[in-house]
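Everything below concerns the one structure shown next.
Just so it is clear: chains get the letters A, B, ... in the order the sequence lines come, proteins before strands, and each one is counted from 1.
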Protein chains: 2
Amino acid sequence: MLKKQLIMEKALELFSEQGFEATSVQQITERCGISKGAFYLSFKTKDELLISMVEYYLQQFVTDVDQVVRSSLSKDIILVEFYKSIFQAFKNHAASARVFFNEKVLLTKKELFQKIIAYDVEMSKSIIYMLEQLYQDELHDTKYDVMYCIKGFMKSYSELFIFSDIPLDLDQLAKSLAEKTEIIARHTTIPFITEELVQLTAEPFDEEVSQESLLELIEQHLDGLEDSIECESLELLKFQVENPTYSKAILKGLIENIRLQPDYRWVAYKIGKYFNI
Amino acid sequence: MLKKQLIMEKALELFSEQGFEATSVQQITERCGISKGAFYLSFKTKDELLISMVEYYLQQFVTDVDQVVRSSLSKDIILVEFYKSIFQAFKNHAASARVFFNEKVLLTKKELFQKIIAYDVEMSKSIIYMLEQLYQDELHDTKYDVMYCIKGFMKSYSELFIFSDIPLDLDQLAKSLAEKTEIIARHTTIPFITEELVQLTAEPFDEEVSQESLLELIEQHLDGLEDSIECESLELLKFQVENPTYSKAILKGLIENIRLQPDYRWVAYKIGKYFNI
DNA sequence: TATACTAATGACTAATCGGTCATTTGTCAA
DNA sequence: TTGACAAATGACCGATTAGTCATTAGTATA
């Protein structure tokens with residue numbers, strides 16, 4: 001699978017420079033130093049490459065966010081850490097951010113549009129979870145508005161990273177946005193985004209993690225795993241998905257084992273969702 | 001010039017559906033019911049069409065925003081009216097919003113990238129002007145942060161119009177965002193966006209209105225104008241640009257005459273900027 | 001060394017692209 | 001009706017594209 005990685009990385013560079021449609025398969029293979037035929041051994045079509053890239057890079061982003069949100073950080077620093085990790089990701093992966101947050105083609109291909117919205121829904125859910133932890137019942141009807149504001153802050157301030165490379169103080173930025181979020185959360189009285197509205201926009205894309213699809217995902221990841229703690233953990237989890245017997249503590253432990261492997265954070269994230277952990 | 005309009009409209013539909021690169025000139029001419037040759041009578045290249053469209057649609061948006069901001073509405077409703085007009089525009093021109101706020105290709109062509117950033121800078125200036133009117137000296141170091149927040153609200157909430165067609169209560173939305181803006185403006189204590197930072201990101205694109213370029217712009221618009229009050233006003237203004245003698249009141253009046261003509265709002269906007277009105 | 005297998009190549013194809021231009025059509029005044 | 005001019009056409013061109021496949025290179029086993 002190293003070849004796939006190489007192609008995705010070089011393609012990301014080119015898409016970020018020229019856009020998807022304007023980049024030819026030829027250019028990608030040239031930058032990779034491989035032949036055109038070799039490309040089609042890894043991906044059936046150019047579109048399949050794009051889909052794989054969307055999955056790979058957005059999964060990274062979503063798990064990044066979720067990890068901070070679910071961490072056991074104290075309430076007074078969690079917002080700061082949330083923003084810090086978001087903008088750290090924007091800084092480190094400016095290229096993928098440029099492609100996946102601005103490339104319109106993604107939205108014209110139905111299959112991709114659905115995927116991207118689905119990842120956005122996942123991220124929204126993480127943010128809502130964070131707000132619920134932070135403010136308990138203090139926010140009731142303004143919860144979703146605060147979530148929209150947070151996403152707005154992200155969109156607006158991320159331009160600083162995407163369109164220029166001015167050195168910025170991430171700590172200061174995170175503190176500043178955490179304060180703004182706090183202010184909005186504490187003082188907003190006129191809500192606009194209702195739960196119904198969120199469901200209306202998210203519903204078609206908010207897919208439950210089905211047992212079947214999860215088993216398939218696990219199967220895929222088992223293939224690439226050699227005998228190890230991670231492999232054993234994943235196999236145990238597979239049986240647990242089919243027939244749950246272990247306690248939540250054990251399940252969570254097994255999931256954490258998986259999460260240590262960088263390429264397995266997504267399957268860990270999905271299993272966690274399945275068991276409501 | 002009717003042909004140009006037709007092509008731009010149909011092209012906008014197609015770009016909004018498929019993206020720029022994925023749309024062929026053939027498709028555009030088919031939808032217009034004209035031949036391929038006829039297309040090239042109106043536009044020298046496909047790129048020139050795109051540039052014209054960017055100018056046309058973004059000029060509309062910028063003048064919309066500026067008109068509200070410079071209106072003599074009372075302070076307590078100006079924010080609400082500002083948001084209302086913004087989202088009214090998003091609602092009415094969802095197609096162009098889809099293209100010009102999401103199409104990445106625009107950003108890969110240097111000439112267009114500069115143009116788009118330049119329009120963004122114009123809009124930022126309008127927002128800053130509004131904030132200065134509203135809060136005078138109460139905001140000093142947080143002015144630019146509030147501006148970034150407003151742009152973030154716009155980006156985040158505009159998705160409701162761009163990606164779905166759920167009927168929404170614009171008044172309620174505008175009130176809700178006006179309150180959020182007010183809250184941010186009143187309570188923010190930790191700024192991040194400094195004046196230097198704004199200048200760093202905007203400077204290369206923040207072009208002064210030069211006498212020369214303004215005269216050229218006026219000349220272009222005079223061509224398409226028949227004998228009328230508007231025509232006379234524009235000619236008088238042309239002489240005033242070369243040799244100012246009238247008072248500000250007269251100049252403003254003449255500019256307002258021009259602004260009544262829909263296609264002349266941009267030249268009115270530019271002349272206003274030139275005379276600092 | 002011989003065999004069997006996979007991985008990798010790049011010349012090739014059919015299709016489509018943006019753009020051109022010789023030709024036709026339409027519209028005037030004379 | 002004629003002739004002069006502009007508007008509009010679409011067949012055509014060279015260039016480029018995504019994708020294919022017969023062939024070769026590399027490697028492991030026997």
Side-chain angles (χ1 to χ4, degrees), chain A residues 1-55 99 103-113 223-224 226, chain B residues 1-55 99 103-113 223-224 226:
Chain A
M1 298 302 99
L2 243 96
K3 185 67 65 60
K4 272 197 174 186
Q5 272 291 336
L6 175 71
I7 294 173
M8 287 203 283
E9 272 169 36
K10 299 300 181 188
L12 182 64
E13 290 174 20
L14 284 162
F15 293 169
S16 146
E17 293 161 15
Q18 318 173 342
F20 171 76
E21 295 278 355
T23 301
S24 68
V25 173
Q26 193 97 266
Q27 283 178 292
I28 297 170
T29 57
E30 270 166 20
R31 188 165 294 198
C32 290
I34 61 172
S35 70
K36 215 169 164 192
F39 173 91
Y40 285 95
L41 291 176
S42 292
F43 299 97
K44 273 209 281 291
T45 64
K46 191 184 167 191
D47 275 9
E48 198 194 273
L49 164 66
L50 187 62
I51 293 169
S52 299
M53 287 172 67
V54 167
E55 283 181 346
V99 175
E103 176 83 48
K104 174 61 197 302
V105 189
L106 306 179
L107 305 178
T108 60
K109 318 211 170 197
K110 272 179 211 156
E111 191 185 354
L112 272 180
F113 178 77
D223 285 347
E226 322 222 318
Chain B
M1 296 303 101
L2 245 94
K3 185 68 63 62
K4 272 195 175 188
Q5 271 293 334
L6 174 70
I7 293 173
M8 287 204 282
E9 271 169 37
K10 299 299 181 189
L12 182 63
E13 289 174 19
L14 285 161
F15 292 170
S16 145
E17 293 162 16
Q18 315 173 343
F20 172 75
E21 294 279 355
T23 302
S24 68
V25 174
Q26 192 97 274
Q27 282 178 293
I28 297 170
T29 57
E30 270 167 21
R31 187 167 294 198
C32 290
I34 62 172
S35 70
K36 214 169 160 189
F39 173 91
Y40 285 95
L41 291 177
S42 292
F43 299 96
K44 272 208 282 292
T45 64
K46 191 186 168 192
D47 275 9
E48 197 193 274
L49 164 66
L50 188 61
I51 293 169
S52 299
M53 288 173 68
V54 167
E55 282 181 346
V99 175
E103 175 83 47
K104 174 59 196 304
V105 189
L106 307 179
L107 305 179
T108 60
K109 317 210 172 198
K110 272 180 211 155
E111 190 185 355
L112 272 179
F113 178 77
D223 286 345
E226 323 225 317

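For the pair K46(A) and F20(A), the distance from NZ or CZ to the six-membered ring centre is under 6.0 Å and the angle to the ring normal is within 45 degrees.
Summarising the geometry, the separation between CD on Q18(B) and C1' on dT16(C) is reported as 14 Å, rounded to the nearest angstrom. Atoms CD (E30(A)) and P (dT16(D)) sit 12 Å apart, rounded to a whole Å. In this structure, CG of L49(A) is placed 13 Å from C1' of dA18(D), rounded to the nearest angstrom. When rounded to the nearest whole Å, the span between CD1 of I28(B) and C1' of dT16(C) equals 15 Å. With rounding to whole Å, I34(A) atom CD1 is found 16 Å from dT6(C) atom C1'. Atoms CD (Q26(B)) and C1' (dG18(C)) sit 10 Å apart, rounded to a whole Å. At whole-Å resolution of the value, CG in L14(A) and P in dA18(D) are 12 Å apart. Between the P atom of dT16(C) and the CD atom of E21(B) lies a distance of 17 Å, rounded to the nearest Å.
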Margin query: The test is side chain to side chain contact (heavy atoms under 4.5 Å, CB included); show your working for F15(B) and I28(B) and say whether it passes.
Written below: CA-CA 9 Å; F15(B) 292 170; I28(B) 297 170; 4.2 Å; yes
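Using a 4.5 Å heavy-atom cutoff, the side chains of Q18(B) and Q27(B) are in contact. Side-chain contact between I34(A) and K3(A): present, with at least one pair of heavy atoms (C-beta onward) separated by less than 4.5 Å.
Salt bridge absent: K36(B) and E30(B) never bring a charged side-chain N and a carboxylate O closer than 4.0 Å.
Among the nucleotides dT20(C), dA8(D), dG19(D), the one closest to the side chain of K46(A) is dG19(D). Candidate nucleotides dC17(C), dA8(D), dT17(D) were compared by shortest atom distance to the side chain of S24(A), and dT17(D) ranks first. Taking only side-chain atoms of K3(A), from C-beta outward, the nucleotide of dT17(D), dA8(C), dT9(D) with the closest atom is dA8(C). Listed nucleotides: dA8(C), dA18(D), dG19(C). Nearest to the side chain of Y40(A): dA18(D). For V25(B), the listed nucleotide lying nearest its side chain is dG18(C); candidates were dA18(D), dT9(C), dG18(C). Checked against dT9(C), dG19(C), dA8(D), the side chain of S35(B) finds its nearest nucleotide in dA8(D).
Note on K44(A): every side-chain N or O is 4.0 Å or more away from OP1 and OP2 of dA18(D).
Counting non-hydrogen atoms under 4.0 angstrom, T23(A) reaches the backbone sugars and phosphates but no base.
Looking at K36(A), its side chain comes within 3.5 Å of the base of dG19(D) through a donor and an acceptor atom.
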